[in-house]
Amino acid sequence: MRLVRIRFEKTGRSKYISHLDLTRCMSRALKRAQIPIWYTQGFNPHPYMTFALPLSLGIESLCESMDIKIEGEMQNDQIEESLSKVMPEGISVYSVYDAKMDARKIAFAQYDILLELSSGDVDNFVYSAKALLDCDELIVEKLGKKGRKKVVKQVNLIEHIKSQKITSSEKQVKIMVQLSAGSSANINPNLLVDVLIEKIGVEPESVKIIRKSLYTESGEEFL
Amino acid sequence: MLNKQVEKILPLVQKPARYTGGELNCVVKNKDDIKLRFAFCFPDTYEIGMSHLGMKILYSLINDRKDAWCERVFAPWIDMEEQMRKNDIPLYALESGDPISEFDIIGFTMQYELSYTNVLNMLDLAKIPVFSKDRAGLSQIVIAGGPCVCNPEPLADFIDIFLLGEGEEITNELIDLLIEHKENNSTKQEFLKDACKIQGVYIPAFYDVLYNKDGTIKDVVAKQGAPKKVKKRIIRNLDNAHYPSHFVVPFIETVHDRAVEEIFRGCIRGCRFCQAGFIYRPIREKSAKVANEQCKTLCDTSGYDEASLCSLSTSDYTQISELLNDMLDWTKDEMINVSLPSLRIDNFSDELIEKLKLIRRSGLTFAPEAGTQRLRDAINKNITQEEVLKTCNKAFEGGWTSVKLYFMLGLPTETMDDVSGIASLAQMVVDEFYKNPNKPKGKGVNVSVSASSFVPKPFTPFQWEPQDTAQMLIDKQSHLQQSITTRKIKLSWHDVSTSVLEGVFARGDRKLCSVLYTAWKKGCKFDGWDEHFKFDLWQQSFEECLVSPEFYANRKREFEEILPWDHLDYGIDKNFLIKENQKAHSATTTPHCRQKCAGCGSNGLNGGKCDAIG
Ligand code: SF4
């Protein structure tokens with residue numbers, strides 16, 4: 001039995017598929033592709049699948065990662081080929097390899113945030129956003145768990161930004177940002193978008209968020 | 001494709017994947033390569049519509065044509081509708097994202113009466129005039145099919161064409177005809193006049209309904225060359241009929257999210273309350289070989305881990321053992337569960353029980369429908385108490401510990417004794433469990449009793465019967481509740497006011513069109529959903545339109561009365577229905593079709609052939 005890592009993109013309208021639905025969607029794809037996948041044992045066997053870092057509804061990604069266990073002979077390039085043929089629109093497999101790192105090593109995720117604004121608002125937005133991100137503190141409220149209870153936590157976003165860069169064109173602001181990710185601290189990029197919009201007081205025409213890549217604590221790319 | 005406007009509102013609604021399209025196996029075509037666009041509309045939520053087999057069949061059938069493109073449309077949930085109206089987004093089809101007002105045919109499937117308001121609401125959301133007379137031209141032709149159109153009169157003002165019976169052939173014929181007329185630049189009138197020559201096409205505008213002073217129908221007069229009686233369509237041979245090789249596989253969980261294989265049409269039982277048991281006759285079986293192959297293909301192309309057999313009564317399928325054997329061959333290896341809904345209990349053989357053990361162990365459901373033998377005889381539900389108990393015992397020995405029993409309240413001739421009989425029967429099932437030495441060890445038994453309210457339907461022997469009033473039903477519900485004395489039995493029932501409305505529309509005539517319109521204008525929609533059902537608005541609408549719901553629901557009709565659906569021919573002989581009605585009142589049963597053909601007449605639709613009698 002081999003632990004195989006499947007890397008895929010989730011773009012376009014597939015961003016509206018929730019994590020739970022994605023699990024079902026992937027298990028069906030594995031079945032269609034006839035991948036000899038290992039099933040958990042017991043009363044109600046189901047295919048073994050784990051996802052590195054669940055993606056929030058509405059966010060696109062170029063770097064999703066799912067692990068499965070393979071029984072039998074099928075080679076990784078064969079898995080990639082078979083799977084690629086059966087994926088639904090927007091979900092595409094770009095790489096299949098034997099898992100190298102533990103998913104718990106993930107510490108940061110790189111995002112592109114694209115905001116479409118009316119042209120008059122762009123400069124103001126860029127200026128204010130830069131100023132806000134240069135401060136020592138940008139406090140947001142985050143829903144977290146304490147034991148079983150749901151609690152609202154205060155989080156200083158600045159402490160969770162490893163790097164950031166803001167560029168703009170005529171009607172668009174692009175924020176490239178690396179945020180804490182993984183099991184110990186996971187920052188949803190929507191928190192950043194929401195606080196910027198609120199503080200700057202500008203309502204964008206559209207917001208598009210894309211997860212570009214995953215990194216470990218030491219800055220290595222997750223493999 | 002999703003347009004920007006839609007993208008903007010999707011983050012604001014629940015379950016956005018209902019509205020995005022792009023699911024596996026959905027069909028996208030190039031607009032320029034096709035001659036006709038078909039919007040297949042299901043007037044309820046995505047989750048319900050996507051579970052519907054008829055839609056899957058017709059979607060794939062139309063899309064197999066090179067010259068037509070069929071897309072799916074569902075009723076947006078309240079939150080989505082609000083956003084669409086606020087942002088001026090018209091109702092669009094999921095495959096292309098194009099407004100359905102641009103389509104040639106807008107087809108609705110009418111599965112239950114309580115979805116009628118959603119039809120009007122969807123047309124309105126699409127910015128299509130709701131009244132048939134306000135739509136000119138050869139696009140936006142609004143058609144409807146499905147079981148409810150066996151009495152489509154309450155929808156007569158809104159729908160251009162009703163398709164009676166099974167849709168596989170007639171849909172293609174209608175599409176051919178419309179393409180031809182579009183190419184000839186005909187008028188809508190010219191098209192309709194040609195369409196009504198197709199067997200199964202009912203164009204309500206071509207019929208004048210005349211009424212007596214007492215509100216009953218005096219006559220229905222056909223004009224424009226339309227046939228005096230419209231005969232429903234059937235498919236003669238299921239093995240050759242179109243069946244999808246691909247299902248659109250939804251991302252979100254739907255009600256029935258699995259591969260479905262239809263195994264036969266029609267029902268041999270003849271339960272007198274059951275409309276489906278009559279309107280889908282005659283009996284036609286698919287061969288086990290074809291069913292097995294089709295089902296395997298569906299599983300392969302969908303990746304589903306559950307396959308289900310579909311019919312009105314799975315265990316009446318003569319090739320059930322053979323089919324299950326064939327299916328278990330491959331489903332076991334591929335980790336696919338087989339589920340068998342609509343199992344009847346009386347011919348539940350030991351062999352079938354053995355097979356079922358291999359199959360997923362879901363709860364067992366039985367439908368005795370009535371609590372006493374007398375009433376079961378009256379409704380021709382040929383199940384005895386001994387059979388119920390015997391099968392439950394077998395099931396207990398097979399490891400089952402929960403049993404679901406379905407009953408109806410308000411059946412013709414029902415007394416309070418029949419009602420308390422439901423509680424006694426459920427109690428006997430409980431007692432039987434504890435008496436059984438081979439019951440599962442260390443477990444208790446759960447018996448759930450579901451009591452729905454009977455609604456008399458067209459083309460059944462009870463089509464003349466008065467429906468119980470809301471108050472009578474409520475009294476029966478509380479009597480049943482008081483008759484249950486153990487906590488091992490869980491009772492559930494339905495809201496009676498929805499049954500009343502269902503009853504009115506099931507046997508209604510064209511005078512209900514104005515009521516429907518008024519209620520929808522007042523804000524009624526999703527009437528089948530308890531949280532959205534607004535009975536007070538319906539009551540106001542009946543009053544405003546001077547229409548009495550009791551006239552339709554609670555009135556006993558004479559056999560001589562002209563019924564609103566009498567000009568539609570579903571193959572069922574009226575004299576047969578009268579005879580069955582009389583037998584009900586003397587609690588006399590009719591043997592099922594394999595014991596003896598009861599002469600329902602439906603084999604006439606199939607050149608005298610009916611698979612129940614070889
Ligand atoms: S024709 Fe006879 S056997 Fe066939 S459905 Fe009718 S009653 Fe039953």
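Letters go in sequence order (proteins before strands), and every chain restarts at 1. Please read all numbers here as calculations on a predicted model, not as lab measurements.
Around CD of A/Gln78, the count of heavy atoms belonging to other residues, nucleotides or ligands within 6.0 Å exceeds 12. For A/Lys142, the NZ atom sits in a packed shell: over 12 heavy atoms of surrounding residues, nucleotides or ligands are nearer than 6.0 Å. For A/Lys208, the NZ atom counts as loosely surrounded, since its 6.0 Å shell holds 12 or fewer non-hydrogen atoms of other residues, nucleotides or ligands. The 12-atom threshold is exceeded at OH of A/Tyr94, counting heavy atoms of other residues, nucleotides or ligands nearer than 6.0 Å. In the displayed structure, A/Glu71 atom CD is contacted under 6.0 Å by more than 12 heavy atoms of other residues, nucleotides or ligands.
The side-chain heavy atoms of B/Leu24 and A/Arg32, taken from C-beta on, include a pair separated by under 4.5 Å.
B/Lys4 places no side-chain N or O within 3.5 Å of a backbone atom of A/Glu205 that could act as its donor or acceptor partner.
Looking only at heavy-atom pairs under 4.5 Å with chain A, the residue among B/Pro11, B/Gly22, B/Pro250, B/Ala17 that has the most is B/Gly22.
When heavy atoms are compared at a cutoff of 4.5 Å, A/Val86 approaches chain B solely by way of its backbone atoms N, CA, C and O. At a 4.5 Å heavy-atom cutoff, the contact between B/Asp257 and chain A is made by backbone and side-chain atoms alike. Residue B/Lys15 does not touch chain A at all, counting heavy-atom pairs closer than 4.5 Å. With a 4.5 angstrom heavy-atom cutoff, A/Leu20 does not touch chain B via any of its atoms.
Note that the CZ atom of B/Phe251 and the CZ atom of A/Arg28 stand 10.0 Å from one another [nearest 0.5 Å]. Rounding to the nearest 0.5 Å places CD of B/Glu7 at 4.5 Å from NZ of A/Lys15. Separating the SG atom in B/Cys26 from the CD atom in A/Glu89 is a distance of 7.0 Å, to the nearest 0.5 Å.
Using a cut-off of 4.0 Å between Lys/Arg side-chain N and Asp/Glu carboxylate O, A/Arg24 and B/Glu253 are scored as salt-bridged.
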